[in-house]
Amino acid sequence: MERHLILEDGTVFSGQGFGAPATTFGEIIFDTATSGYQETITNPIYDGQMIVFAMPVVGADGIHAEAYESTTPKIRGVVVHDLAEVSTNRQRRMNLDRFLQHHNIPGLYEVDTRKLIRHLRETGPQKATIVDVVDDHAVDQLVATVLTNKQVQNTATPKAYANPGHGFHIIVIDFGLKHGILRVLGDYDANVTVLPYTTTVDEVLTLDPDGIILSTGPGNPEDLPDSVLTLIRVLQTKMPLLGLGLGHELLALANGAEIQALPAEYHGMNHPIQEIISQQLFYARQGRGYVIDEDSLDGKKLFVTHRDLVDGSIQGIRLRDNPAFSVQFFPDGAPGPLEANGIFADFFETVADYVQKNS
Amino acid sequence: MANKVVLDQDSMQRALTRITYEILERNKGGQNLILVGIKTRGEYLAHRIADRLEQLEQVQIPVMAIDVTNYRDDHLDSGDDLGLDPAEKLNIANQNIVLVDDVLFTGRTTRAALDALIQIGRPQAIALAVLVDRGHRELPIRADFVGKNIPTAQNEKIKVKVKEFDGEDSVEIVH
Amino acid sequence: MYKKIVETPVKKVLFIGGGETDFGLQGESDAAIYQVLPILNGLGYTVTVLDDNPYSLALESPAATGFLRTLTVQNVKKIIKSQKVDGVMPLFGGVRALRLWDQVISEWREADGVLPQTLGLSASELHEVNDGTLLFDRIEEIGLSVTASAVVHNQEEANEMLRDLELPLVIRAHNPVQGTTRQIVDRLDDFDHVVNRVMGQSLTNEVLIAKAINGLKEVSVLVVRDRDGNCLQVGASEDMDPIGIHTADSLSVAPVLTVSDQILQQMRIQAFAIADLIGLRGVLHVQFAFDEKTGEIYVIKVSPYLDHLANRMAVMTGYPVMLVAAQLAMGKKITEVYLPNAFHEKTAIMEPVMDHIVVKLPVFSFGDLEAMGIKVNRQLNSVQKSVGSALGFGRTFVEAMEKAIRSAHFNNRSFSPKYMADVSDDELIQQLIHPQDNRVLLLIEALRRGYEVDELAELTNIDEFYFYQLNRLIEIEQSVDRDNIDADALRQAKKFGLSDGLIARFWQTNFQAIRTLARQNNIQPTYKALEPSAGEFPEHARQFFATFEEENESEPICAQSVLIIGPGAFRMGDGASAGYMTSVTLSELHRLDYQTIIMNNNAADPTLLPHLSDKQYLEPLEVSDVMSVVDKEQPHAILVPGNRKKLIEALQEMGQHVIVFPKEKHHPSGPEKHQSEFSLNFFYDGEEKHPLVVTQHRPGEVRILDQAIDPALLDDLTLASPGLYQIIWRVDLDAWVSKIPLPDLRVDTWLRPMPYGHIAYLTKVLDIPLGRMIVRAWVGQLNEADRQYLAAIKGQHETAKLAMVAKNTDFDLHLQPDKAIDLTRFEMGAKVVPYESENSDGQE
């Protein structure tokens, strides 16, 4: 059935509906990766957003049990050029179309996605809606819609839970984490406790952790309560700390830096990232709408450790006086390159060092 | 039996990177810092740490090298030849020295290096950075910065290779 | 004293070329070398090229000194000495150059002076790569999976391995005399025979036996690595057909569609690990097998040099693989690579991403051979049978596949979708299990006859995705078939890549009617730019492909443009030289300041190199595709090969200015065994005819005679367009001669346009830019130097003693023909060979 995508600036793109027949609102962004649509769609960082994929054929690999980055996708809509109908789960019952239906997420295919992406790269992300009929009512609805800024609250766990292992005790503070992080921690046999972001210093320290991870998550870091920054400021002096994605932005905020919204968001995995200290290049999945403001960064407090060589943006920082560091990209892959996995190895070496020196 | 690689090129690079960050954490930046590499491979490692400091802080940290093969207490021909080029002798008075070596084992090499350094000046402090700590200390010496702790048996050997000298980066256990 | 490693910088580089075209080696080496020469020259290097391929474009590049010589150790050494070469680049000449350079190193003596540096790979690594087994041992040591294998020296050892590994086994020559010789044995009866035969193909009489992994999915990954170990993935491609069918003979698709991100990422880091392992500076192609049931990934082939995939990836993604690889091999870091202004400044360090689908389809020559009464074994297996390939670009798999089919078979009736209706059910099953060249059509036919996707997937080991897609194609064709002539059906059909001609056939009308209907309903192609950022950045793209969507990105380049219709996929015959001739034409028009547009779909020759033309359309070459581009660009002139009769007519009917490139519809047959064919070669500049030389042609070889020709002999001839022509006659003569009495040219001879291969050969051996002169004659720009060349020659040229010899292709290995194949007509490639005197017996 023909359906339509209306952008806030009035542009309309038409295509065929798939997934859920619902009307949806969200902020539309584009993604240039050619693999990993399932991981991307289920990544909680896309809470409140719609994605248009540059990859023209989406769905050819079906839906796999091992490719979920969250149990419930939070994405608001999926726009593709061509939809492939393949079921790959063992029951051969789930393909992308049925998966989106099941989660009440609308999709649109047979769209000139390249035109849409070329448009979005000029305008930046826009508020958008997927509807059956383009009329004044639909446009009014779109204009009147205020998108939520409570994405972290939407996606992060409200309650603590454990993912036990036999290794170091790592506390993950959850801002809407993706499963990839837990998967990697599992590779290190870490004894993991996931705590809600509303947790307190006392609660954390009572659990006697060996290291802290500030998880990835959706939205603007400035929408989070100040208590989060206070928590980070204390924890970063106590033990090794690693921030990822939103967690990286929060570490920067906690140490006096400022965050800016990017004029055009970047979602993909083809930009070279340079580790400044070794000058080595590598690639990693990125999904970012915000960046640390270069000028606000206090060089006496923080190092810049990584940069994106395409737009020059800061991709990693490290505290001068404490073993606390963070990266903007996703070193766990899922989807995306694995060569940035070393960030976790560094973290665990630092934790091992810390544990040895304090025992 | 084949040698077992315990650190490959990538993990060796990361270990040096981590040591560099820790040196900066400890020294509050690179002020009054001198790196002293213990020949042969410690020297290359010291230069790599200096390169990293330069990338990060845009400062050039002095590096010198000492050769302690003739200086160890278990060496028959103990003498006072440090293997130091006079031109390379830096003024180490009141400086923060980081000694850099590839492997920390009995501690005798480190002790020899300490003896040698104290002969040429009186530094503010001396710290020790090693790529590998393999245990079996015979002297009360402890590294401040360790790339990797690798517990070994007495009869095993650790072979560190650096690209500049050996053509590749790796750490192997030789049986 | 501490020293940083400083390598003495290389100043004078020798490229070893890939030699003559054969199965598995089209023009890609030459195209790659030709492309990088101007850049290296611009960066201050002095460059020399050695090749024995008369169709080489690189040998004629003004940016290098070319040596047309046999590829031997002695010649390499001589050139190193005379040109003071201090660095040798073997990685651009394929396996052959790699072997040759390895051999030069092992035969290098003190008296030869200082051994030049090996660029891209250390000499010892190069040796291990050549050996193969040593490299795979090391790959296994770093924890990657390879298939169990062993080298055996005799039948007893082979039998031992047979018991250990069990059938099916892959058997190939260790240190083979030439290219790939992989054979899969799944019947015990074949084992002894194959081992024996393969042993004969090994220089060292050694045979490599490995466990076969038939039925697994094959994925190719292409990466580059610089001297500091920075790695980047250029792209990956998957084969539709499972392992067991040679990758060149399989339909393949990029980007990879049916493999999960997790597996692709594993393959990526494994490819990086292998590049690190061998310390590569350049480009690496790794072929993987993936077992979907166990999740296991096997490394099956490692090619740390420029090959067909590197060229194809460059065309498919817009990433300048060759320019980057050459500079990495010279020791630059990837962040230091220099690219011409036409590229985005970050192109070299950004991994290219595709927002289009490219299907590669193999091109077989079975039909052409059978038309000549030669039967071959059409069954596809692990030995390559295809001679070339064509690419189809689209925004869906079906569209890309349809366009690839049209590109590969634009004049082949057997690819009409209705043709398969005659195949019996038994044959169908047989061919599903033992696939032939018409694989795709057979799969479609099976679906038509009601086979379920599940059973087909199980029977063929082809991913279900492809059957779902083929089902869509059937639906489209049926909807077109059912409907009366209808604009909506036409729109759907065009969207999925069907040509006007095919749709016209369904509706029993002509393509003009289809064009009119399309125009009336505004069903026009939208051209999408092909660029490596998938729309993320504004691009200055010059490559385009057609699709049917909303936004068109291609605007006409100028009023005075020239559109060149490319030769398409390589086929047997003068395909190898057609790429050469088209490229020379592009280069000359560019030099004369014309804005040029090329249409082509073959990535293996130089025609699509970005610097050879101002704009490239990656399209099929059927009448409707060409018409659409003509509508868009309104070129000043269109250059069409003479064998495209229908296209020429259609364009002329439209009132277009068509320049016909003289070319016969079929490549001429060669003389019989006991015969000599003589040819009086001349150049027609549009007004006058200029005789060049007489050549003698015996089966498989051409030589130049040393005799003068009186221009008055040609006075009576009338010719349609400027070009190079031959007056041909045959004599019962089985020896080489230096002079031949001319017959009465009006009676006993016939006239034909000079085959492209002869143009390339004579250009080099006579040292006259003949190809370029044809172009200059077309546009009325012959110059004084040209006239002097022509005046000076008059048949008295002191000809170089280099014969052009047809590639002695091992047809028995590849095609198993039932009778001898005419090497003139079905040439795979050619090389030059020096000869001593005119009356020798022609053997080297």
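Below, all heavy atoms of this structure are taken into account, side chains as well, without hydrogens, waters or symmetry copies. Each chain gets a letter, A, B and so on, in the order its sequence line appears, and its residues count up from 1.
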ask   = Is it true that Asp355(C) and Arg118(A) have a side-chain N and a carboxylate O under 4.0 angstrom from each other?
value = no
Residues, nucleotides or ligands: over 12 heavy atoms within 6.0 Å of Glu458(C) CD = no
key: Leu232(C), part contacting chain A, at a heavy-atom distance under 4.5 Å   = both
ask   = Taking the side chain as C-beta and beyond, is there a heavy-atom pair between Lys115(A) and Glu549(C) under 4.5 Å?
value = no
task = Could you have a look at Gln262(C), Gln233(C), His344(C) and say which one has the most heavy-atom pairs with chain A under 4.5 angstrom?
result = Gln262(C)
task = Measure the shortest side-chain to side-chain distance between Ile269(C) and Glu339(A) over non-hydrogen atoms and say whether it is less than 4.5 angstrom.
result = yes
request  = First locate atom CE of Met350(C), then atom CG of Asp308(A), and finally report the distance between them rounded to the nearest 0.5 Å.
outcome  = 9.0 Å
inquiry  = I'd like to know which of Ser278(A), Ser87(A), Pro337(A) tops the heavy-atom pair count under 4.5 Å against chain C.
reply    = Pro337(A)
note = Val310(A) and Phe537(C) have their tightest heavy-atom pair at CG1-CZ, 3.4 Å
note = Counting heavy-atom pairs under 4.5 Å with chain C, the top scorer among Thr32(A), Asp61(A), Val57(A) is Asp61(A)
query = Atom OG in Ser260(C), atom CD1 in Ile63(A): separation rounded to 0.5 Å?
reply = 12.0 Å
request  = Tell me, for Ile357(C) versus chain A, whether the close heavy atoms (under 4.5 Å) come from the side chain, the backbone, both or neither.
outcome  = both
task = Find the one option among Arg395(C), Glu345(C), Met354(C) whose heavy-atom pairs under 4.5 Å with chain A are most numerous.
result = Arg395(C)
Heavy-atom proximity to chain A below 4.5 Å, by part of Gln266(C) = both
ask   = Which one, Gly336(A), Gly333(A), Pro335(A), Ala334(A), leads in non-hydrogen pairs under 4.5 Å with chain C?
value = Gly336(A)
ask   = Given a strict heavy-atom distance threshold of 4.5 Å, which part of Arg114(A) is in contact with chain C: side chain, backbone, both, or neither?
value = both
key: Closest contact, heavy atoms only, Met269(A) versus Glu351(C)   = O-OE1, 4.3 Å
message = Under 4.5 Å from any heavy atom of chain A, what part of Phe465(C) do you find: side chain, backbone, both or neither?
response = both
Distance (rounded to the nearest 0.5 Å) between Phe272(C) CZ and Phe282(A) CZ = 12.0 Å
ask   = In this structure, are over 12 heavy atoms from other groups packed under 6.0 Å from Glu452(C) atom CD?
value = no
For Gln469(C) against Ala84(A), the heavy-atom pair lying closest together = NE2-CB, 4.2 Å
ask   = What part of Phe467(C) lies closer than 4.5 angstrom to a heavy atom of chain A: side chain, backbone, both or neither?
value = neither
query = In terms of heavy-atom proximity below 4.5 Å to chain C, should Thr113(A) be classed as side chain, backbone, both, or neither?
reply = both
ask   = Given that the side chain runs from C-beta out, which part of Tyr37(A) has a heavy atom under 4.5 Å from chain C: side chain, backbone, both or neither?
value = neither
ask   = Between Lys528(C) and Asp112(A), does at least one N-O distance fall below 4.0 Å, as a salt bridge requires?
value = yes
message = Ignoring hydrogens, what is the shortest heavy-atom contact between Tyr468(C) and Val86(A)? Give both atom names and the distance.
response = CD1-CG2, 3.8 Å
request  = Determine whether Glu85(A) and Asn471(C) make a side-chain contact, defined as any pair of heavy atoms from C-beta on separated by less than 4.5 Å.
outcome  = no
query = Roughly how far, to the nearest 0.5 Å, is the CG atom of Asp226(C) from the CG atom of Leu281(A)?
reply = 7.0 Å
message = Can you tell me which portion of Val111(A) sits under 4.5 Å from chain C's heavy atoms? Options are side chain, backbone, both or neither.
response = backbone
task = Check whether Thr547(C) gets within reach of chain A through its side chain, its backbone, both or neither, counting any heavy atom under 4.5 Å.
result = neither
note = Note: vs chain A, highest number of non-hydrogen pairs under 4.5 angstrom among Ile349(C), Thr396(C), Thr258(C), Val353(C) is Ile349(C)
remark   = Under 4.5 Å to a heavy atom of chain A? For Val453(C) that would be neither
request  = Would you mind checking which part of Leu116(A) comes under 4.5 Å of any heavy atom in chain C, side chain (CB onward), backbone (N, CA, C, O), both or neither?
outcome  = neither
ask   = Under a 4.5 Å heavy-atom cut-off, does chain A meet the side chain of Val259(C), its backbone, both or neither?
value = backbone
Interchain contact, Lys495(C) with chain A, by part (heavy-atom threshold 4.5 Å) = side chain
key: Contact class of Leu257(C) relative to chain A, heavy atoms under 4.5 angstrom   = both
remark   = Of all heavy-atom pairs linking Gln280(A) and Asn230(C), the shortest is OE1-OD1, 3.3 Å
query = What part of Phe53(A) lies closer than 4.5 angstrom to a heavy atom of chain C: side chain, backbone, both or neither?
reply = neither
message = Using heavy-atom distances under 4.5 Å, tell me whether Glu66(A) contacts chain C through its side chain, its backbone, both, or neither.
response = both
request  = Please name the pair of heavy atoms, one in Gln265(C) and one in Ser35(A), separated by the smallest distance, quoted to 0.1 Å.
outcome  = NE2-OG, 4.1 Å
key: Contacting region of Arg268(C) [heavy-atom separation from chain A under 4.5 Å]   = side chain
ask   = Highest number of heavy-atom pairs under 4.5 Å with chain A: which of Lys346(C), Glu292(C), His356(C)?
value = Lys346(C)
inquiry  = Let me confirm one number: the OG1-CG distance from Thr40(A) to Asp261(C), rounded to the nearest 0.5 Å.
reply    = 7.5 Å
key: Side-chain donor-acceptor pair present, His271(A), Glu536(C), cut-off under 3.5 Å   = yes
key: Max heavy-atom pair count under 4.5 Å with chain A, selected residue of Pro538(C), Pro255(C), Pro532(C), Gly229(C)   = Pro538(C)
task = Below 4.5 Å from any heavy atom of chain A, which atoms of Ala529(C) appear? Answer side chain, backbone, both or neither.
result = both
